[in-house]
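Here the structure is laid out as structure tokens; the discussion comes afterwards.
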Amino acid sequence: QRTASGRLRIAIQKSGRLSDESQALLKRCGLKLNLRDQRLMSHVENLPIDILRVRDDDIPGLVMDGVVDLGFIGENVLEEERLEREARGQEAAFKPLRRLDFGGCRLSLAVPEDFEYAGADSLTDCRIATSYPNLLRRYLNEKGVPFKSCMLKGSVEVAPRAGLADAICDLVSTGATLEANGLKEVEVMFRSMATLIQAPQPLDPERQALIDKLMVRVNGVIQAKE
Ligand code: ATP
Ligand code: ZN
């Protein structure tokens with residue numbers, strides 16, 4: 001059932017806000033990574049581990065389906081995928097291993113500067129642009145606010161100015177992007193960090209022992225920085 005090679009498979013973001021720190025953490029854990037070339041899969045030289053480099057959005061599904069054993073992922077993307085799968089009646093299990101010390105951001109609601117915002121009710125029947133339709137639905141359904149969504153994978157912050165939406169639900173770290181687009185943050189929906197997750201399926205003892213060893217090192221590396 002498992003891959004013939006017997007090597008542990010770890011998925012990390014290929015290029016983006018999580019890739020440098022995911023790689024740096026693995027290196028500090030003693031993995032000799034050779035990620036210069038652009039290959040999807042690369043071997044760790046000194047341990048039976050393969051690194052798979054993919055779009056971050058693909059990582060939760062790869063872990064939940066057991067295609068890879070471990071994944072480094074933002075909690076925002078992980079939770080969105082979990083809700084998406086639940087809504088479709090698909091399997092969405094994973095083992096949380098450790099919250100990491102990078103990738104901090106928040107998923108927030110933002111409206112144009114001149115929007116008179118007096119709480120979530122102000123968004124009643126508004127059209128809201130987002131890449132996180134499931135997290136948005138859960139948040140506003142809990143508050144009993146009816147709304148319409150507009151799914152955008154990118155350029156969410158320009159949607160109000162372009163007349164595509166009345167408000168947005170997007171990731172924020174400093175708020176500079178919002179300000180540059182004439183938007184103000186009005187509600188924090190979800191605070192996110194990068195996290196390390198494991199596939200739900202039981203592993204053979206060798207690979208599980210390797211994960212356990214790796215986690216001791218991850219804890220050590222993160223504690224050393226605190
Ligand atoms: P990919 O090409 O892999 O799909 P992406 O464009 O979806 O990349 P990035 O912008 O690299 O993703 O962000 C990856 C993750 O980094 C986010 O999902 C989030 O968890 C985290 N992150 C941290 N700070 C920010 C920020 N200021 N804006 C967006 N994401 C952030
Ligand atoms: Zn992505």
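Both backbone and side-chain heavy atoms feed into the values below; hydrogens, waters and symmetry mates do not. Atoms within a ligand are numbered from 1 in the order they appear, just like the ligands themselves. Predicted model, so just to flag it, every value in this text is computed and none were measured.
- Using modelled atom types, no side-chain atom of R99 and backbone atom of T195 make a donor-acceptor pair closer than 3.5 Å.
- Residue, atom and distance of the protein heavy atom nearest to atom 20 (O) of ligand 1 are N76 OD1, 2.7 Å.
- Taking only non-hydrogen atoms, the option from K153, E80, R55, E75 nearest to atom 1 (P) of ligand 1 is R55.
- Close contacts of ligand 1 with G104, meaning ligand atoms under 4.0 Å from a residue heavy atom, involve 23 (C), 24 (N).
- Of the heavy atoms in D56, both backbone and side-chain atoms come closer than 4.0 Å to ligand 1.
- Here K148 does not pair with D125 in a salt bridge; the nearest charged N to carboxylate O distance is not below 4.0 Å.
- Using a 4.0 Å cut-off between charged side-chain N and carboxylate O, R127 and D166 make no salt bridge.
- Proximity to L18 (heavy-atom distance under 4.0 Å) selects the following atoms of ligand 1: 15 (C), 16 (O).
- Just one residue in the list V68, I59, I12, V67 forms a side chain to side chain contact (heavy atoms under 4.5 Å, CB included) with L52, and that residue is V68.
- Looking only at distances, a side-chain donor or acceptor of S192 sits under 3.5 Å from a matching main-chain atom of N76.
- The pair R191-E75 does not count as a salt bridge, with every side-chain nitrogen at least 4.0 angstrom from each carboxylate oxygen.
- Not a single heavy atom of S19 lies less than 4.0 angstrom from ligand 1.
- Close approach of ligand 1 to L171 (heavy-atom distance below 4.0 Å) involves ligand atoms 17 (C), 18 (O), 19 (C), 29 (C), 30 (N).
- Those atoms of ligand 1 that come under 4.0 Å of a heavy atom in G74, given as number and element, are 20 (O).
- Short contacts between ligand 1 and V77, defined as distances under 4.0 Å to a heavy atom of the residue, involve ligand atoms 18 (O).
- No N or O atom of S192 sits closer than 3.5 Å to an N or O atom of ligand 1.
- When distances from the Zn ion (ligand 2) to the N, O or S atoms of D57 are compared, OD1 comes out shortest.
- Using a 4.0 Å cut-off between charged nitrogen and carboxylate oxygen, K184 and D114 do not count as a salt-bridge pair.
- Distances below 4.0 Å separate heavy atoms of S173 from the following atoms of ligand 1: 26 (C), 27 (N).
- Of the possible donor and acceptor atoms, one in the side chain of E80 sits under 3.5 Å from a partner among the backbone N and O of N134.
- Taking the Zn ion (ligand 2) as reference, the nearest N/O/S atom within D56 carries the name OD1.
- A salt bridge is defined here as a Lys NZ or Arg NE, NH1 or NH2 lying under 4.0 Å from an Asp or Glu carboxylate O, and R207 with D204 meets this definition.
- Considering L203, V44, I51 in turn, L203 is the only one that fulfils the side chain to side chain contact (heavy atoms under 4.5 Å, CB included) rule with L8.
- Remark: ligand 1 atoms within the under-4.0 Å shell around heavy atoms of G16 are 11 (O).
- Evaluated by nearest non-hydrogen atom to atom 5 (P) of ligand 1, the leading choice among Q13, R106, R17, M193 is Q13.
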